[in-house]
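Quick notes on the structure that follows.
Numbered from 1 within each chain, the chains take letters A, B, ... in sequence-line order.
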Amino acid sequence: MKTVNYVLGGLGGQGILFMTKIFATTALNKGYNILGAETHGMAQRGGSVVSHLRIGDTKSSLIRAGSADFLISMDESEAYRYLPYLKKGGKLFANALVDAFPDKRVAAFLEKMQIESRAMEASKTAMELGSPKSTNLAMIAFYSAFGQGPLSADDLRATVDTISPGSFKEKNLKIFDTCYGVGKKMI
Amino acid sequence: MKEEFLLGNGAMALGLLEAGCQIMTSYPGTPSSEILPEVTRFAKAENLNTSIEWSVNEKVAFDNAFAAAVAGKRAACCMKMVGLNVAADSFMSAAYIGNIGGLVIISCDDPGPHSSQTEQDSRMMARFGKVPVLDPGNPEEAREMIKTAFDISEEFQVPVMVRPAIRVCHARQNIKYGSLKSNLTEADFKKEPTRWASTPKFRFLQHKALNEKHVKISEKFNLLTPYNTHNLGNEKTYDLGVVAGGVPAFVIKDLFEEYARNDIPILKLSAPYPFPEKLANEFMNRCKKVIVIEETDTVIEYMLRDKHKTLGRLTGHVPMEGELVPEKIEAVLNKAMKDCNMEPLSADTIVQEAFELVQTLELPIRKPTLCPGCPHRASFYSIRKAMPKAIYTSDIGCYTLGINLGAVDTVLDMGAGITMASGFWNAYIQDDVKKPIVATMGDSTFFHSGTTGLMNAVYNDSRFVLVILDNYITAMTGMQPAITQDRRVDGRKGNLIELETIVKGCGVKYLKVVDPFDTKTMIKTVKDAAEYAYSDDGSIAVIIARHACVIGFKDQAIPESIPVKVTDDCNECGYCHTRFECPGLYQDKENEKTEINQTLCAQCGVCLDICPQGAIVRVQGEKI
Ligand code: SF4
Ligand code: SF4
């Protein structure tokens, strides 16, 4: 399989490592090799966090700018910050206001790069469902609705099901299903 | 077989235990900090008898591991690259004297730098100390290399360094592993004073013997596949070849695969020292030019002696500073290819365009800050309030971020908070100026490197206020327990040491302990301390600002939640943002009002006392 590159962006405290874990565990269950790169230490106190995840038989962990298939960001500004990582024809998913995304200054670039962008108010939805800290899950589910990449919505949902500790399982699956539904409606 | 998506530091921990490492010592520092906890986790899960310790500093860690190896055990010590500076005194002699059981030093580099003071290249230290070095490119390779390192160390009786860069330590990879066994080799120190305590005359002989070992190790390194190898094909000569090691070697391999380029051979030198001269010559002879791409300094580049053929940092092809991220490596290769009249990998400038576009968006600058509810913030606030005109010398740790509150002026290295304070005092007092100075230092840093400076300051009568920020933990690197805690890393009991005892033991006469959350008292304590320190019969004054880290010990740090809000009395003076800068307090972009971010606010209540208008108040009973 050709290596598939995911750049995950967000802010400290949004649970980017958990997000990475869901993707990685799903890929692992499907028998893929994975290599990723994370932020730790002083850099982690910085607010802006990014995680690279490469599914396939690659040997280096960092995704080269201009070569990511997917950019999934839990914050609008962070989506713009990591934009240069997307390749031509890549896909962008952001936690942002549907009507105001993308920023006008970015739209032309996306068009030129044939990058399709999708937005949902993931934090708001997570908050409404009673889990303000679950923007990460919301974004995974939203992304999965579009059926792109080697990990299917069912696979990802199954991982959320097994990984979530007992008391959180029901809540997490509810967020997943709701946000999956939001995405489905956009297709 | 088990499989885990392991951090590179976890993969190395696995490698250490698979190699039968019996003694493991370390001092935390990004990006090395998770190696020891991962060793602990595996050893526990697999019921191994591995002895594991967080040492008080890197030199202590090194000497501990060294002695164990001299006694015939397999031992390792891990640290970040600047930690090796602290252990340098021992490190420099270690190769001369050598070891019996394998001794592996893992020194983790931080090109970038992401979380360090320098971008120094541990391979340079390896050369300096005449220690063979291996340079892994990803977690799996690091795990395997550690076993090779132990074997070489035992075969030649020299310590061996493994130098993973941050992209190895903090990469994650799926790793399969089987069950692990304890190594039961017993300690057996064989007395041989001419070796273990050798005098200069014998050191000369040891040096000679070491040089002879190096010739042999270099021969071994010529054949050390897959770490040292090239993929020269049938061509007689190539216009350009690439020489690389460690992380860049794999980045380049992936790049060539992606662009389907097989016209450029690669010489991989991930065991660069002692230099595999023969292998390198074989490669050089078939290439008209070579480009050397290595992190972070010029180690291989200097050892390739043909200057006319070699492109790299010295010819301006490779940046002299910063991490060699893949897009930078691509640009380096493109330039070298153009210079050799070859087709570049890509001619696209779109990535450049994208980065420029991002620049114009003026995205929020997210600088590192202390956590909401952090006791250090309260300390710095009070220090600045009590001694606004002072020079603030500080140190390495989370509290370096006191810079955001204007209460950190200098940071040099571990311990310099105290020693630079002495230095400033001496410089000013020579001119008869009693310069107000406040030094700050964390508890762990104080144990690591503070005591010598403090004794020196006491003896030589330097006058300043030292505030030891005691939060019971080494927080920045991921919450390692300080020696004031009785629980050691593997759960065994430690004979804890009281900070007060050590401070007094250093000869300090004036010592006060204060809770920084009580800013009023802390401000007064600092003022009193300054008065004493600068009085004629005073001396250095020490304050222990003691409050648990809000991340490491949440319940202890905030025993009672104090919800706060901003009232209409707020006149938007901005004082709380600039002087206190808690992420829990922000100014709403739209209505320009100061508000509390309830998701971030830790409800510590410290900000209640800081607003000049008294506009930050406790929420009583009502819903927020
Ligand atoms: S809360 Fe107080 S300190 Fe902060 S801006 Fe308002 S008046 Fe100034
Ligand atoms: S109570 Fe005040 S100082 Fe404490 S975390 Fe909240 S906003 Fe920050």
Measure distances from [X] to the heavy atoms of chain A and classify the residue's part below 4.5 Å as side chain, backbone, both or neither.
{"X": "B:Glu330", "result": "side chain"}
{"X": "B:Thr360", "result": "backbone"}
{"X": "B:Pro248", "result": "neither"}
{"X": "B:Glu258", "result": "side chain"}

Using a 3.5 Å distance criterion without hydrogens, assess whether the side chain of B:Asp254 forms a donor-acceptor pair with backbone atoms of A:Ser60.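 Present.
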
Under 3.5 Å: donor-acceptor pair, side chain of A:Arg64, backbone of B:Leu255: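 Absent.
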
Enter the distance from [X]:[atom1] to [Y]:[atom2] here, rounded to the nearest 0.5 Å.
{"X": "B:Asn174", "Y": "A:Ile34", "atom1": "CG", "atom2": "CD1", "result": "5.0 Å"}
{"X": "A:Leu62", "Y": "B:Glu323", "atom1": "CG", "atom2": "CD", "result": "5.5 Å"}
{"X": "B:Gln173", "Y": "A:Thr58", "atom1": "CD", "atom2": "OG1", "result": "8.5 Å"}
{"X": "B:Phe355", "Y": "A:Leu83", "atom1": "CZ", "atom2": "CG", "result": "10.0 Å"}

Decide side chain to side chain contact (heavy atoms under 4.5 Å, CB included) for A:Leu28 and B:Glu3; before the verdict, give the C-alpha distance in whole Å, the side-chain angles of both, and the deciding distance to 0.1 Å. CA-CA 9 Å; A:Leu28 212 63; B:Glu3 187 171 29; 3.9 Å; yes

Note: A:Lys59-B:Glu257 ion pair, threshold 4.0 Å (strictly below):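 B:Glu257 and A:Lys59: not salt-bridged.
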
Considering only heavy atoms and a distance below 4.5 Å, find which of A:Ser61, A:Ala65, A:Pro132, A:Ser67 pairs most often with chain B.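 Result: the option with the highest number of such pairs is A:Ala65.
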
Worked check of side chain to side chain contact (heavy atoms under 4.5 Å, CB included) between B:Phe250 and A:Leu35: CA-CA 12 Å; B:Phe250 280 147; A:Leu35 199 49; over 6 Å; no

B:Lys328, NZ atom: more than 12 neighbouring heavy atoms under 6.0 Å: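 Counting neighbours around NZ of B:Lys328, more than 12 heavy atoms of other residues, nucleotides or ligands fall under 6.0 Å, so yes.
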
Atom of A:Arg105, atom of B:Leu357 and distance for their closest heavy-atom approach: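 Closest approach of A:Arg105 to B:Leu357: O-CD1, 3.5 Å.
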
